[in-house]
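Below, all heavy atoms of this structure are taken into account, side chains as well, without hydrogens, waters or symmetry copies. All ligand and atom numbering here is 1-based and tracks the order in the structure. The chain is numbered in sequence order, starting from 1.
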Amino acid sequence: MSSIVQGIGKISVFGLGYVGSVTSACLAERGCNVIGCDISEEKVEMINAGTAPIGEPGLDVLILTQLKAGRLRATTDPAIAVAGSDISLVCVGTPSKASGALDLAFVETVAEQIADAVRAKGSKHAVVFRSTMLPGSTRKIATRFFGDLIESGIVEVFFYPEFLRQGSALADFRQPSLAAIGAWAEDDGIDSIECVLDEVADCVPLESAELLKYSCNAFHATKISFANEIGRIGKRLGIESRQVMKMLCDDHRLNISSYYLRPGTPFGGSCLPKDVSALCQLSRDLGVSLPLMDGLLDSNRRHLESLIERVEAKDCKRILLAGIAFKAGTDDLRGSAMLELAARLLSKGYEVRIFDPDVSLGNLMGANQKFADANLPSLETFFVTDIVSALAEGPSILVVSKPCFDPDALDDAIPLEAGHHIIDVNGWDALRNLPASYEGLCW
Ligand SMILES: NC(=O)c1ccc[n+]([C@@H]2O[C@H](COP(=O)([O-])OP(=O)(O)OC[C@H]3O[C@@H](n4cnc5c(N)ncnc54)[C@H](O)[C@@H]3O)[C@@H](O)[C@H]2O)c1
């Protein structure tokens with residue numbers, strides 16, 4: 001762990017738009033010595049005159065106060081900004097190109113300017129990217145412009161996503177909804193940039209912090225589109241959709257919670273596929289376009305395909321599926337993605353066996369039995385009751401969808417040389433320690 005900055009920080013902020021001007025003023029308020037830098041002379045002059053270059057409630061007053069306190073100024077000269085600071089925050093725009101792809105030209109220009117200025121300054125400097133960039137961008141840009149400076153320990157690079165919302169930006173900066181800092185290497189310390197961080201910031205790899213920002217925005221966009229689609233179908237049916245959504249939001253156990261938000265098994269069961277399908281059919285009948293809902297079943301199918309691809313990538317034709325009911329603690333096979341996986345792999349010539357202590361074949365009946373018969377006839381012929389003996393028969397791909405066996409029993413009974421592969425579909429960490437190669441479905 002290095003320590004570049006002692007006490008309060010001397011910080012330069014590149015880009016004085018919606019993010020940069022708020023960041024500059026709020027860091028100055030925190031006691032940092034801040035110099036903003038922008039190519040726009042007008043924005044720089046406004047800050048130096050104590051006015052906000054963008055419309056944001058409270059920002060004018062804050063900028064004026066910090067200017068008067070001598071903690072905030074601005075320049076158009078990147079060399080002056082870097083020379084007067086130990087940390088540079090990059091807050092320039094990352095717009096879309098005409099193709100929709102991300103345009104990193106502003107970030108690249110600033111990175112080059114900071115690199116030149118750090119070389120001229122000749123002392124340690126931390127560069128913290130705050131502009132929203134796709135996973136891998138920070139490392140690529142930093143390698144290109146700071147590669148030698150990072151190697152010689154002069155420059156440290158971080159990605160610190162910004163989550164403020166325009167209109168409540170000051171309050172969001174002072175109390176962020178989420179804070180995570182991406183570091184270059186796992187053992188990189190963040191003490192050098194502590195003065196710019198929220199104290200609860202989690203330290204993760206650069207790329208995780210970059211993906212986090214996109215995940216949040218995509219999630220927000222999904223929420224808005226979802227509510228709007230319920231609104232459109234509600235309006236068409238004469239139903240007060242705001243009341244429906246309000247009640248949906250009142251459920252903090254399943255709806256507004258972390259439930260259903262872990263990457264893992266495709267959804268299944270007797271309700272979700274059927275009900276999504278019915279809602280989409282109704283919307284088509286009514287001529288109401290619901291592309292988000294329409295995409296759900298496709299997305300789920302695509303997820304199962306990715307599991308099949310994971311299996312096919314292994315050089316092994318013997319499969320043991322651990323967990324076939326659609327989720328833990330039930331014997332319901334309706335809509336089970338694992339049952340479909342078994343059927344698909346059988347049709348591809350795999351030797352398939354199934355282990356699931358929750359499913360008692362003799363007790364299957366009604367719609368459950370019908371679904372099994374339709375999708376995997378003679379289900380009983382694939383079932384095994386002893387997972388250790390099944391694995392002892394030879395190298396297998398063990399596809400595990402739920403905790404349904406004792407990992408210690410496997411650990412004791414199966415030698416590493418047996419050559420088994422584990423594909424973990426639902427994130428059961430105990431599987432990582434078993435005597436087999438391990439791969440998560442989407443981690
Ligand atoms: N606006 C938001 O609410 C928000 C929230 C979180 C993250 N972000 C992300 O933060 C980044 C900045 O967004 P913004 O809304 O503040 O953009 P903006 O367009 O308001 O501001 C960008 C500023 O960068 C300046 N600039 C361009 N090239 C420069 C250079 N070479 N040197 C110095 N300054 C330069 C521009 O003149 C402009 O003032 C984007 O990546 C955006 O996606 C924005």
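- Remark: side-chain polar atoms of E186 are not paired, donor with acceptor, to backbone N or O of P205 under 3.5 angstrom.
- With sequence neighbours excluded, the residues satisfying side-chain contact (heavy atoms from CB on, under 4.5 Å) with Y259 are L254, S257.
- By the 4.0 Å N-to-carboxylate-O rule, R71 lies too far from E29 to be salt-bridged with it.
- You'll find the ring centres of F159 and W184 outside the 6.0 Å limit.
- Side chains of T94 and S131: a donor-acceptor N/O pair is absent below 3.5 angstrom, by distance only.
- At a threshold of 4.0 Å, the pair R344-E305 counts as salt-bridged, since one of the basic side-chain nitrogens sits closer than that to a carboxylate oxygen.
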Between ligand 1 and the protein, which N/O pairs are shorter than 3.5 Å?
residue	atom	partner	partner atom	Å
ligand 1	1 (N)	Q166	OE1	2.8
ligand 1	3 (O)	Q166	OE1	3.3
ligand 1	16 (O)	Y18	N	3.0
ligand 1	16 (O)	V19	N	2.8
ligand 1	20 (O)	Y18	N	3.2
ligand 1	37 (O)	D38	OD1	2.6
ligand 1	39 (O)	D38	OD2	2.7
ligand 1	39 (O)	K43	NZ	2.7
ligand 1	41 (O)	T94	OG1	2.5
ligand 1	41 (O)	T132	N	2.9
ligand 1	43 (O)	T132	OG1	3.4

